[in-house]
Amino acid sequence: MGLAQELAAAGVRRGAPLAVAVVPGRGVGLAWAGGTRAVVGDPRQVAEQLAVLGPRWTWWSAREAARPLVAAGFRPRACWDLGAVGMLLHGLRRSGPEAVWAAAHGRELPPEPGPRSHAPSLFDLPDAEDADGPVRADGQLASSWVRGGWAGDIDDAARWAELAARLQRQQEALLRGLPDPRPAAAPGSPGLALLTAYAESAAALLAVELEHDGLPLDEEAMTGLLAQMIGPRPADAAAEAAMRAARDERVLRRFPGPPVDLRNPAVVRELLTRVGIDVPDTRSWRLERYAATSAPVAELLAWRKTERVATTYGWSWIDRNVGPDWRLRGEWGWADGGAGRMTASAGLHNLPAELRPGVRAEPGRVLVRADLGQVEPRVLAAVSGDAGLARAAREDDMYAPVAAALRCDRPTAKVAVLAAMYGQTSGAAGAALRDMERAYPRALGFLRAAEEEGRAGRDVRTYGGRLVRLGPHPPGVEPGRVSGYGRYARNAVVQGAAAELFKAWAASVRAGLARMDGEPRIVLCLHDELLLHVPEAGADDAVALVRSMLEATAGWWAAGSGVRFVADVSVGHSWAEAH
DNA sequence: TGCGCTACGTA
DNA sequence: CGTACGTAGCGCAG
């Protein structure tokens with residue numbers, strides 16, 4: 001009997017959790033609701049064999065378990081990421097097994113491992129106890145197992161997988177215990193928190209795939225752009241320094257007096273006084289109004305732009321982050337920060353618009369760009385259950401009906417909505433804000449409630465169930481700056497829910513692409529934008545897919561709210577062209 | 001070397 | 001109107 005049949009007979013069926021601990025090159029440990037199994041063999045081949053069962057691959061982290069499979073060319077279908085779900089459920093800032101295990105069992109979190117050594121504690125002397133297994137007598141995970149001690153032995157890997165399977169059931173039970181915020185969830189269907197856990201897990205896997213695949217650049221296009229903006233690639237450090245000096249000189253010769261360090265804001269401020277400009281700081285937006293009348297300022301601002309590209313997105317950036325295959329690769333986070341947005345390093349999330357023509361599909365392929373329109377106000381309408389705002393969110397442009405309701409013009413309506421969502425401090429849209437309160441009381445009440453929870457230092461949960469900690473040290477908020485908690489919480493419930501919707505959409509697009517030919521891939525996630533790299537022949541199908549998946553996702557995510565989500569979708573050879 | 005500040009790119 | 005994130009160079013403290 002083959003392995004797949006064996007597990008099928010043991011009750012592992014489509015969508016059922018199957019925990020896997022990968023021992024690279026040696027085998028895998030498996031565990032499911034009814035048993036465990038240590039399998040010797042190439043992990044990728046084992047995974048391929050079991051894929052016919054369509055299990056929900058369950059692992060402590062995609063980074064550890066899925067990376068070797070992805071690197072070997074295996075693309076898992078569905079998964080459960082204990083780290084990702086643990087962060088979601090418990091509001092953790094880290095996703096390690098010791099933390100998610102402790103949180104699920106209501107125990108104090110082990111101290112954060114790090115370069116900074118801490119005072120010795122009970123957590124530091126587990127090795128003597130480890131012989132017994134992964135769980136210590138005090139209920140915490142043994143640190144040698146957490147550090148991967150199980151990976152030396154396939155039977156240990158099976159024990160590690162068994163523990164994963166157990167924690168998966170506990171997490172699932174906790175998720176099922178959360179209230180479903182949707183007014184019209186289909187009876188008998190999974191709750192929103194469980195569905196969000198699936199999406200978070202998929203996002204964690206997608207992060208691993210994005211790191212592996214990278215973003216395709218075109219060598220000729222990108223080097224051409226850079227050469228035009230910052231000059232040709234310097235031959236050596238001396239040539240680089242000379243070009244730098246030449247760039248500085250162009251600016252300095254416009255100012256009277258001795259040269260100064262343009263990279264030092266304090267002396268730049270002094271420099272500006274030489275041409276009669278006195279400013280509190282030298283930020284670009286503040287200097288912009290002088291640029292039209294002052295050639296030195298215009299030159300300085302142009303220098304800043306070039307300097308930004310030269311230092312952050314220049315030749316050394318290419319050398320550090322672009323492979324010989326001309327793929328730009330960075331590290332991806334699936335749920336960083338307070339709100340749980342995806343993050344990326346290596347400039348993937350802040351690539352200047354001028355460089356986007358350098359992001360190009362490979363020959364025979366195209367890029368499909370899809371971005372959600374007005375996603376945050378639509379999310380607000382859905383999560384607050386405000387019938388009036390939801391009615392507005394049925395339109396392609398929801399600011400038009402909002403303007404009508406507020407009896408103002410569209411730009412004012414937009415500012416009023418944004419001011420309400422993010423807690424404005426300056427009084428530009430005061431009157432419109434009062435009209436908002438009248439027109440959309442439920443949405444405004446929802447935001448105010450989040451703000452009050454934040455001010456009081458009470459944790460909040462997003463629509464999808466992410467716990468946002470507002471306790472002693474919420475990330476991004478200085479302890480003691482209690483007024484900051486309010487806006488932080490107000491923002492987190494909207495931005496966080498939007499991130500959850502986006503990831504659910506991305507997960508379903510990923511699943512849909514897996515059924516298409518020619519290895520179409522998601523190559524970039526940018527908060528409300530997806531970029532797909534697909535065969536030319538599959539472009540129309542990909543466009544249809546992102547649209548139908550948005551409709552399907554919104555159908556369950558915003559069930560009963562009446563809110564529509566819209567996407568702008570386009571196809572092109574370069575990222576810039578697909579706009 | 002590590003950290004805060006200033007500045008700026010993206011959503 | 002606000003929030004989030006990553007990156008880089010500077011000055012300063014250690």
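Hydrogens, waters and symmetry mates play no part in the numbers below; they use all other heavy atoms, side chains included. Chain letters run A, B, ... following the sequence lines, proteins first and then strands; every chain starts at 1.
- In this model, no donor atom of one side chain and acceptor atom of the other lie less than 3.5 Å apart for A:Asp81 and A:Trp334.
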Which atoms of nucleotides 5-8 of chain B (N or O only) lie under 3.5 Å from a protein N or O atom, and what are those distances?
from, atom 1, to, atom 2, distance (Å)
B:dA7, OP1, A:Thr282, N, 3.0
B:dA7, OP1, A:Thr282, OG1, 2.7
B:dA7, OP2, A:Arg283, NH1, 2.8
B:dA7, N3, A:Arg308, NH2, 3.4
B:dC8, OP1, A:Ser284, N, 3.4
B:dC8, OP1, A:Ser284, OG, 2.1
B:dC8, OP1, A:Arg304, NH1, 3.0
B:dC8, OP2, A:Ser284, N, 3.0
B:dC8, O4', A:Arg308, NH2, 2.9
B:dC8, O2, A:Arg308, NH1, 3.4

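- Under the 3.5 Å distance criterion, with hydrogens and angles disregarded, a donor-acceptor pair is assigned to the side chains of A:Ser570 and A:Arg369.
- Checking C:dT3, C:dA8, C:dG6 against the side-chain heavy atoms of A:Asn350 singles out C:dG6 as nearest.
- In the set C:dG2, C:dG9, C:dG6, the nucleotide with an atom closest to the side chain of A:Asp336 is C:dG6.
- As a whole-Å value, the separation of A:Leu380 CG from C:dT3 P is 17 Å.
- At the heavy-atom level, A:Arg341 lies under 4.0 Å from base atoms of the strands shown.
- At a threshold of 4.0 angstrom between heavy atoms, the contacts of A:Ala266 with the nucleic acid are absent.
- For the residue pair A:Glu220/A:Trp326, the side-chain donor-acceptor check at 3.5 Å is not satisfied.
- Checked against C:dT3, B:dG9, C:dA8, the side chain of A:Gln495 finds its nearest nucleotide in C:dT3.
- In the set C:dT3, C:dT7, B:dG9, C:dT3 carries the atom at the smallest distance from any side-chain atom of A:Asn491.
- A donor-acceptor contact under 3.5 angstrom links the side chains of A:Thr282 and A:Arg304, judged on distance only.
- A:Arg320 and A:Ser316 form a side-chain donor-acceptor contact under 3.5 Å, judged by distance and modelled atom types alone.
- Proximity note for A:Arg244 (side chain, C-beta onward) versus C:dC5, C:dC10, C:dA4: the nearest is C:dC10.
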